[in-house]
Novice: 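The structure follows.
Heavy-atom basis, side chains included; hydrogens, waters and symmetry copies ignored.
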Amino acid sequence: MMTETVIKCALEIAATLVILAIGIAGARLAAMVAKKQELAGIAAATEQVVKAAKITAGELNQTVVSVLKKNGAKLTSEQITVLKDDLLSMAYSKISASAITLLEDAAVDVRALIIGVGEDWINKLR
C-alpha cells in the first residue's frame, strides 16, 4: 500500500516534470521563431528603404543633376545639401510607416541608410 502511494506520487512528479519540460521547450521554440520572423521583418524593411533611396536618387539624378551637368555646371555645397534634404524627404515618403518604426525599434539609423544608399547609387551613376 505504501509502495503504491510512493510510486503514484513519483509518477505524478515525473509527469509534472515532463509537462514542464515540454512547456519550456515550446516557449523556447516560440521565442526562436519570433526572433527569426523579427529578423525577416527587419531585412524586408531595410530592403524597402534601400529601394526607395535608389529610386529617389535616380529621380534626382534625372531631374536635377543631369540638367546641371548638361549645362557644364558643377554642384555647389549648397546644392548638394539641398539634394540630400530632397533625397531624405522624397525617400521617406516612399517608405511605409511600419517599416520605419520597425527599423527605428531595431536601432537602425534610417536617415543614414538613405543617405548612404543615395550617395552610393549616385556614385555608380557617374
Side-chain angles (χ1 to χ4, degrees):
M1 192 75 159
M2 179 75 137
T3 307
E4 290 177 14
T5 305
V6 170
I7 291 174
K8 186 177 177 183
C9 286
L11 287 175
E12 287 178 9
I13 291 172
T16 302
L17 290 175
V18 168
I19 291 170
L20 180 64
I22 291 171
I24 290 171
R28 193 166 180 205
L29 181 60
M32 289 170 48
V33 168
K35 186 65 171 175
K36 186 174 181 179
Q37 289 174 340
E38 178 184 356
L39 293 175
I42 291 170
T46 301
E47 184 59 34
Q48 188 180 132
V49 170
V50 169
K51 185 176 179 180
K54 284 181 179 180
I55 290 169
T56 304
E59 292 170 352
L60 289 171
N61 184 57
Q62 289 177 347
T63 59
V64 178
V65 178
S66 295
V67 173
L68 288 172
K69 284 184 178 180
K70 188 176 182 180
N71 294 331
K74 291 195 173 193
L75 291 172
T76 66
S77 59
E78 288 177 2
Q79 290 169 321
I80 291 171
T81 300
V82 169
L83 282 172
K84 281 185 181 181
D85 291 342
D86 289 346
L87 173 67
L88 286 168
S89 65
M90 291 169 67
Y92 266 106
S93 71
K94 292 176 176 76
I95 305 166
S96 69
S98 60
I100 292 170
T101 300
L102 178 64
L103 291 172
E104 287 174 348
D105 289 347
V108 173
D109 186 347
V110 177
R111 182 181 186 280
L113 182 59
I114 292 170
I115 290 173
V117 170
E119 287 176 350
D120 183 57
W121 186 249
I122 289 170
N123 287 335
K124 287 179 183 177
L125 292 174
R126 289 181 182 168

Novice: Heavy atoms only: give me the nearest G118-A53 pair and the separation to one decimal.
Specialist: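 Scanning both residues completely, I find the closest heavy atoms to be N-CB, 4.3 Å.
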Novice: Count the heavy atoms belonging to other residues, nucleotides or ligands that lie under 6.0 Å from CD of E12, then report whether that count exceeds 12.
Specialist: yes
Novice: What residues join I7 in its hydrophobic cluster, counting side-chain heavy atom gaps under 4.5 Å, either direct or through other members?
Specialist: L11
Novice: Should L87 and I80 be regarded as members of a common hydrophobic cluster, given that ILVMFWY residues are connected when their side-chain heavy atoms come within less than 4.5 Å of each other, either directly or indirectly?
Specialist: yes
Novice: Under a 3.5 Å distance rule, please check whether Q48 uses its side chain to pair with a backbone N or O of S96 as donor and acceptor.
Specialist: yes
Novice: Please name the pair of heavy atoms, one in A52 and one in T56, separated by the smallest distance, quoted to 0.1 Å.
Specialist: O-OG1, 2.7 Å
Novice: Rounded to the nearest 0.5 Å, what separates atom CG in L83 from atom OG1 in T63?
Specialist: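 The CG atom of L83 sits 8.0 Å away from the OG1 atom of T63.
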Novice: Using a 6.0 Å cut-off, check whether atom NZ of K94 has over 12 heavy atoms from anything other than its own residue.
Specialist: yes
Novice: Does V110 form a side chain to side chain contact (heavy atoms under 4.5 Å, CB included) with V49? I'd like the steps, not just the answer.
Specialist: CA-CA 8 Å; V110 177; V49 170; 4.3 Å; yes
Novice: Could I get the full list of side-chain contact (heavy atoms from CB on, under 4.5 Å) partners for L88, not counting sequence neighbours?
Specialist: Y92, R111, I114, I115
Novice: Could you tell me which non-hydrogen atom of I42 sits nearest to which non-hydrogen atom of A106, and how far apart they are?
Specialist: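 Closest approach of I42 to A106, heavy atoms only: CD1-CB, 3.6 Å.
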Novice: With rounding to the nearest 0.5 Å, note down the distance linking OG1 in T46 to CG in L102.
Specialist: 8.0 Å
Novice: Looking at NZ of K84 and CG of L60, how far apart are the two atoms once the value is rounded to the nearest 0.5 Å?
Specialist: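 One finds 13.0 Å between NZ of K84 and CG of L60.
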Novice: Using the side-chain contact (heavy atoms from CB on, under 4.5 Å) criterion, which residues pair with D105? Sequence neighbours excluded.
Specialist: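 Here the qualifying residues are T101.
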Novice: Set out, in order, the CA-CA distance, both residues' side-chain angles and the distance that settles side chain to side chain contact (heavy atoms under 4.5 Å, CB included) for K35 and E38, then state yes or no.
Specialist: CA-CA 5 Å; K35 186 65 171 175; E38 178 184 356; 3.9 Å; yes
Novice: Would you mind reporting whether D109 and L113 have side-chain heavy atoms less than 4.5 Å apart?
Specialist: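 Contact flag for L113/D109 side chains = no.
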